[in-house]
Protein chains: 2
Amino acid sequence: MTIKEVAQLAGVSPAAVSRYLNGGPLSKEKKEKIARAIEETGYRPNMMAKTMRTGKVRQIGIIVPRIFSESVNQLMDGIAEELLEKDYLTLLGYSDARKDRELQYLEMMVSNRVAGIILMATTLSDIKKLSLENCGVPLVVTGQKFDGLPCVYHDDKNGVKEMTSLMIRKGRRRIAYIGVFEEDKAAGMLRREGMQEALREAGLDADNVPRRIADFNSESGYEAMLELLAEHPDIDAVMCATDVIAHGAMKALKRKGRRIPEDVSIAGVGDNWADLVSEPELSTVRLYQRRCGTEAARMLLRLIGEEEPEGTSGDGADLRVGIRQVLSQDRFAEHLMLGYRIIERGSI
Amino acid sequence: MTIKEVAQLAGVSPAAVSRYLNGGPLSKEKKEKIARAIEETGYRPNMMAKTMRTGKVRQIGIIVPRIFSESVNQLMDGIAEELLEKDYLTLLGYSDARKDRELQYLEMMVSNRVAGIILMATTLSDIKKLSLENCGVPLVVTGQKFDGLPCVYHDDKNGVKEMTSLMIRKGRRRIAYIGVFEEDKAAGMLRREGMQEALREAGLDADNVPRRIADFNSESGYEAMLELLAEHPDIDAVMCATDVIAHGAMKALKRKGRRIPEDVSIAGVGDNWADLVSEPELSTVRLYQRRCGTEAARMLLRLIGEEEPEGTSGDGADLRVGIRQVLSQDRFAEHLMLGYRIIERGSI
DNA sequence: TTGTGAATTGTAATCGTTTTCATTATACTT
DNA sequence: AAGTATAATGAAAACGATTACAATTCACAA
């Protein structure tokens with residue numbers, strides 16, 4: 001069904017039908033005839049053709065490292081909410097944390113002429129920088145700080161640092177760490193550094209911390225914990241880079257007869273819903289993933305040129321830290337770092 | 001950057017550039033000149049224009065009731081995997097289980113001329129049937145059985161029935177049920193019916209089961225359980241429509257001093273990863289959401305006309321039941337019902 | 001009756017590609 | 001050397017919409 005066929009059926013010109021659809025001047029009788037023809041044929045305008053002619057797109061792209069993850073979900077949820085009533089459709093890419101796929105999706109989306117892209121970055125290869133800066137479509141990075149590009153991210157380092165300090169204040173000294181691969185700067189490197197910084201400030205040895213690298217799932221945390229216990233049976237606290245890992249580790253601790261928190265304290269990052277399921281409940285560094293999504297979406301909308309309705313910014317009160325700075329590298333790139341909150345529960 | 005500009009820069013015709021991109025006959029020297037021009041300008045072909053001209057789309061739409069849900073995630077993961085190497089991009093819609101939004105997204109996707117749509121249905125309003133059958137784009141429904149449309153779904157009823165029977169065999173008699181809203185036929189009505197059928201077959205009263213309706217989150221399960229306990233303190237088993245609800249209920253049971261499984265048995269549906277986090281571990285009716293996704297994707301691809309590589313069907317061995325029937329209503333509509341597996345853990 | 005202005009309407013160009021078809025250049029046969 | 005087959009090339013039409021512009025209609029005033 002094309003506009004031409006509808007026009008023919010209604011006995012008018014294609015232009016008239018277009019005017020009917022977009023609110024141009026039109027006589028009553030034609031309006032009725034066209035309405036009838038559309039009704040009859042079930043015609044729906046071809047968005048691609050429209051976009052092509054007008055240059056206006058109502059589609060944005062989202063690229064995430066994985067789908068099966070609570071934090072990713074929260075982010076997507078936040079983005080979706082913000083883009084919802086704006087009638088934007090989202091093109092989803094699923095990079096599996098592989099940079100080739102990240103790039104592949106970026107290119108496909110650029111080819112599809114999306115209005116903008118939100119990239120939940122893990123590894124931030126510099127390839128990206130090269131191929132993105134000049135591709136023309138606005139891009140917002142989330143989860144990682146990236147100079148020269150607008151981004152929304154978390155205060156990963158201080159969050160973990162403060163949680164570790166808390167455990168130290170509670171008397172823990174032989175602290176272990178289960179992290180993730182360091183190519184993921186935010187979740188890998190910065191969280192590890194936060195942990196080490198806390199140790200250093202407390203005068204503990206930060207360089208020889210018993211630690212392991214795990215994947216983003218709980219089995220992996222379980223394995224890592226078993227290994228750590230085998231090597232260092234006297235561990236009295238474990239800081240984990242994510243809650244999911246922490247739950248696996250907790251399971252391993254219990255299996256090896258450790259009481260939590262009497263023998264060993266444990267904490268994670270993220271504030272997963274399952275934190276309330278375990279016994280004891282898992283202490284965690286709460287991050288604002290959902291907020292991260294809405295903020296990234298707003299930022300992108302602003303970049304695209306969609307005006308933002310001046311209003312209250314929603315759940316802003318929940319933030320501990322919240323700096324917003326505008327860097328000027330080659331062009332303005334807004335940076336927003338969200339805060340965190342230490343959630344102390346039974347596990348420490 | 002358009003093909004015309006590239007052509008001009010390379011000193012050839014647009015047709016030549018097109019041939020370069022799509023592998024038509026071309027002399028070496030032109031190839032080189034064009035390659036250089038593309039390199040220099042960073043030109044990327046406009047997919048929309050291409051689609052417009054050729055009529056071939058490599059985009060499919062997915063509509064899910066919510067993003068923040070493990071089962072939805074698994075499904076999307078399955079779909080993504082299947083569509084991955086086929087170079088399909090996915091347009092994501094997020095209905096929030098509201099049928100107006102479901103419809104809105106359907107229309108937007110049809111307008112965007114996607115090659116096909118996978119709809120994870122909850123409420124299956126008949127509106128859908130009307131507006132979908134004639135819209136021309138192939139549609140696969142997942143999660144719900146829908147006569148006349150191709151769909152992939154689970155054996156919700158028998159799964160819950162078998163789990164309930166198991167609890168009865170273990171000596172439980174005063175069984176309660178926490179379900180979800182019945183407009184969701186699969187998760188609401190069918191699971192409830194399965195529970196009742198088990199009771200009936202065991203000669204128990206199936207009509208006056210203590211029960212509550214909860215939302216798809218754990219707080220809601222917690223509240224429901226408290227209410228049930230207040231009314232029926234002697235409950236000795238709880239069947240829950242989802243694992244997340246079950247975890248909330250379990251928390252409430254513990255808070256009220258019930259030992260699990262000595263005093264009360266509890267089970268859910270879905271096989272959530274957090275089932276291993278709780279103590280005791282949660283028994284569950286495992287569903288094959290991921291498989292559901294891959295099967296739906298394959299089905300859609302088949303409908304679209306993308307040929308399927310004849311090969312092993314992957315994780316098929318995991319299935320208990322697996323019927324595949326071809327209904328012929330107005331057109332062929334393949335139906336695939338996936339099985340389930342009873343996972344018995346500490347909670348019963 | 002005729003001229004004027006406003007309101008409607010249609011024609012045709014355009015967006016960025018692909019592809020048909022006719023044309024030109026090249027190589028090969030005899 | 002001339003004719004023919006084959007390969008390489010470009011001009012122009014199409015895909016389905018929007019929109020600038022010109023054309024038409026109509027009411028109304030002079």
Side-chain angles (χ1 to χ4, degrees), chain A residues 1-35 37-38 41-59 87 89 107-115 135-137, chain B residues 1-35 37-38 41-59 87 89 107-115 135-137:
Chain A
M1 258 315 121
T2 76
I3 204 172
K4 232 181 251 175
E5 299 175 87
V6 173
Q8 196 157 17
L9 192 75
V12 300
S13 74
V17 179
S18 175
R19 276 190 271 264
Y20 172 82
L21 293 168
N22 301 304
L26 210 56
S27 67
K28 278 224 175 58
E29 45 174 347
K30 296 220 177 210
K31 271 184 190 163
E32 280 167 22
K33 281 199 286 188
I34 293 172
I38 288 180
T41 56
Y43 163 76
R44 322 214 120 275
N46 183 328
M47 270 300 161
M48 291 203 168
K50 180 169 187 158
T51 292
M52 175 127 232
R53 175 62 227 248
T54 63
K56 269 139 189 32
V57 213
R58 295 200 83 79
Q59 256 181 35
D87 276 350
L89 230 35
E107 303 203 336
M108 286 173 80
M109 288 177 179
V110 171
S111 280
N112 274 89
R113 299 294 191 266
V114 292
C135 74
V137 324
Chain B
M1 259 312 122
T2 77
I3 205 172
K4 231 181 253 176
E5 298 176 89
V6 173
Q8 196 157 17
L9 192 73
V12 299
S13 74
V17 180
S18 176
R19 276 190 271 263
Y20 172 83
L21 293 168
N22 301 303
L26 209 56
S27 66
K28 280 226 173 58
E29 45 173 349
K30 295 217 179 211
K31 271 184 191 163
E32 280 167 21
K33 278 198 288 187
I34 293 172
I38 288 179
T41 57
Y43 163 77
R44 322 215 120 274
N46 183 329
M47 271 299 161
M48 290 204 168
K50 180 169 187 159
T51 291
M52 176 132 224
R53 175 62 227 247
T54 63
K56 270 138 189 33
V57 213
R58 295 199 84 79
Q59 255 179 36
D87 276 351
L89 230 35
E107 303 203 337
M108 286 174 81
M109 286 178 180
V110 171
S111 279
N112 274 89
R113 298 295 191 268
V114 293
C135 75
V137 324

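Quick caveat, the model's predicted, so the values are computed rather than measured. Note that these values count all heavy atoms, side chains included, but never hydrogens, waters or copies made by symmetry.
In this structure a side-chain-to-backbone donor-acceptor pair under 3.5 Å is missing from B/Asn112 to B/Val114.
From the 5' end on, the contacts that DNA chain D makes with chain A at under 4.0 Å to a non-hydrogen atom open and close at D/dG16 to D/dT19.
Atom P of nucleotide C/dG16 and atom CZ of A/Arg53 are separated by 11 Å, given to the nearest angstrom. We find that NZ of B/Lys4 is positioned 17 Å from P of C/dT19, with the value rounded to whole Å. One can place CG of B/Asn46 at 6 Å from C1' of C/dG16, the figure rounded to the nearest angstrom. The CD atom of B/Glu5 sits 12 Å away from the C1' atom of C/dC15 (whole-angstrom rounding). Following rounding to the nearest Å, A/Arg113 (CZ) and C/dG16 (P) show an atom-to-atom distance of 9 Å.
For A/Glu5, the CD atom is densely surrounded, since the number of other residues' heavy atoms within 6.0 Å is greater than 12.
Put simply, CZ on A/Arg44 and CD1 on A/Ile3 are 13.5 Å apart, with the number rounded to the nearest 0.5 Å.
In terms of the side-chain contact (heavy atoms from CB on, under 4.5 Å) criterion, residue partners of A/Thr41 (sequence neighbours excluded) are, by chain and number, A/Met1, A/Val6, A/Leu9, A/Tyr43. By the salt bridge (charged side-chain N to carboxylate O under 4.0 Å, His left out) test, A/Arg113 pairs with no residue at all, sequence neighbours left out.
Within residues 19-31 of chain B, the residues having any heavy atom closer than 4.0 Å to DNA chain D are, in order of number, B/Arg19, B/Pro25, B/Leu26, B/Ser27, B/Lys30.
Taking all atoms of both residues into account, the shortest heavy-atom contact from B/Ala10 to B/Ala37 is CB-CB, 3.9 Å. The minimum heavy-atom distance between B/Met108 and A/Asp87, with the atom names listed, is CE-O, 3.1 Å.
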Anything under 3.5 Å between a donor and an acceptor, one on a side chain of residues 14-22 of chain A, the other on a protein residue two or more places apart or in another chain? List them.
residue: A/Ser18; atom: OG; partner: A/Asn22; partner atom: ND2; Å: 3.4
residue: A/Asn22; atom: OD1; partner: A/Lys50; partner atom: NZ; Å: 3.3
residue: A/Asn22; atom: ND2; partner: A/Ser18; partner atom: O; Å: 3.1

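Within the 4.0 angstrom heavy-atom criterion, only backbone atoms of the sugar-phosphate kind lie near B/Thr2; the bases stay farther away. The residue B/Ala15 sits close to a base: some heavy atom pair falls under 4.0 Å.
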